[in-house]
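Notes for the one structure printed next.
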Amino acid sequence: MNTVKGFISNKKPGWYVEVITLILGLITVIVYTARGGNYLSAVSSSAVTLLALGIVTSFLVLIMDFRFLAIIPMILYASAVAVLLNTEMMFISNVAFGVDNNVFDSAWYTFIITGILAMITSAVAFGMGLSKKDVLVAKD
C-alpha cells in the first residue's frame, strides 16, 4: 500500500488530466467502432490504430515518466482526429448540403468531441507535467 501511496503522492495534476485523456480516448475508439460506417464513410482502420496507439501511450505515460516524450499521445490523438475528419468528409459534406437527408447522430458528435478533447487534455497534461521528482516512487 505504501508503494501505491508513494507513487500517487509523486504525481502532479497533469497526471490526473492524463487519466481523463485515457478515458476520453477509450470512449472515442469504442463509440467510433460501435457506430460503424456507411456507404459515405467506412470505419477507418488507420484511425482506430492511431487511437489505440494513443490509448497505449497514454497508459504508458501514466505508469512511466517519459519527460519530453510524454507529448507522443497528443500527437497520436491529433493524427487520429485528422484521419477521422478526413474519413468522414463525404458524410460531413452530404449532411451540410442535405443531399439525401443524412443527419449527424449522437454517436458522431460523441466520437468527434471526445477525440478533440483527448487531444487537448493530453497537451494540457504534458504542459502541466506528470511527476514531481526524478524518482517514480517515493522512498520510504
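- Sorted by first and then second residue, the salt bridge (Lys or Arg N to Asp or Glu O under 4.0 Å) pairs involving residues 31-46 (not counting sequence neighbours) are R35-E88, R35-D105.
- Between F104 and F91, the ring planes lie perpendicular to each other; the angle is over 60°, past the 30° to 60° tilted range.
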Practice prompt. May I have the step-by-step check of side-chain contact (heavy atoms from CB on, under 4.5 Å) for I92 and W108, ending in yes or no?
Written response: CA-CA 10 Å; I92 293 168; W108 191 88; 3.6 Å; yes

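- Within the structure, no pair that satisfies the salt bridge (Lys or Arg N to Asp or Glu O under 4.0 Å) test touches residues 44-59, not counting sequence neighbours.
- Residues that satisfy the side chain to side chain contact (heavy atoms under 4.5 Å, CB included) test with M90, not counting sequence neighbours, are L40.
- Residues passing the side chain to side chain contact (heavy atoms under 4.5 Å, CB included) test with Y16 are I8, sequence neighbours excluded.
- Every residue two or more places apart in sequence or in another chain that forms a side chain to side chain contact (heavy atoms under 4.5 Å, CB included) with I23 is listed here: V19, I27.
- A pairwise comparison of heavy atoms in V31 and A107 identifies CG1-O, 3.4 Å as the closest pair.
- Among residue pairs with one or both ends in residues 38-64, none qualify as salt bridge (Lys or Arg N to Asp or Glu O under 4.0 Å); sequence neighbours excluded.
- A distance of 10.0 Å separates CG of L60 from CG of L22, quoted to the nearest 0.5 Å.
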Worksheet entry | Stepwise side-chain contact (heavy atoms from CB on, under 4.5 Å) check, Y32 with I112 | CA-CA 9 Å; Y32 179 66; I112 291 296; over 6 Å; no

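- Annotation: side chain to side chain donor-acceptor pair (under 3.5 Å) contacts involving residues 110-122, sequence neighbours excluded, comprise T21-T121, T28-T114.
- Atom CG of N102 sits about 4.5 Å away from atom CG of N94, to the nearest 0.5 Å.
- In the hydrophobic clustering of ILVMFWY residues, with side-chain heavy atoms under 4.5 Å counting as a link, I72 and I63 come out together.
- N86 pairs by the side-chain hydrogen bond (donor to acceptor under 3.5 Å, both in side chains) definition with nothing, not counting sequence neighbours.
- Every residue was checked against the ring pair (Phe, Tyr, Trp, His ring centres under 6.0 Å) condition with F126, not counting sequence neighbours, and none meets it.
- Closest non-hydrogen pair, P13 versus M128, comes out as CB-CE, 3.5 Å.
- For the atom pair CZ of F111 and CD1 of I30, the computed distance is 14.0 Å after rounding to the nearest 0.5 Å.
- Transitive grouping of hydrophobic side chains (ILVMFWY, heavy atoms separated by less than 4.5 Å) keeps M89 and V95 in distinct clusters.
- Within the structure, side chain to side chain donor-acceptor pair (under 3.5 Å) pairs that include any residue of residues 53-63 comprise E18-S58, S58-Y77 (at least two apart or interchain).
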Without placing hydrogens or testing angles, list every side-chain donor-acceptor pair under 3.5 Å for residues 46-56, not counting sequence neighbours.
residue: S46; atom: OG; partner: S44; partner atom: OG; Å: 3.2
residue: T49; atom: OG1; partner: S45; partner atom: O; Å: 2.7

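- Every residue meeting the side chain to side chain contact (heavy atoms under 4.5 Å, CB included) condition with V81, not counting sequence neighbours, appears here in chain and number order: L85, I116.
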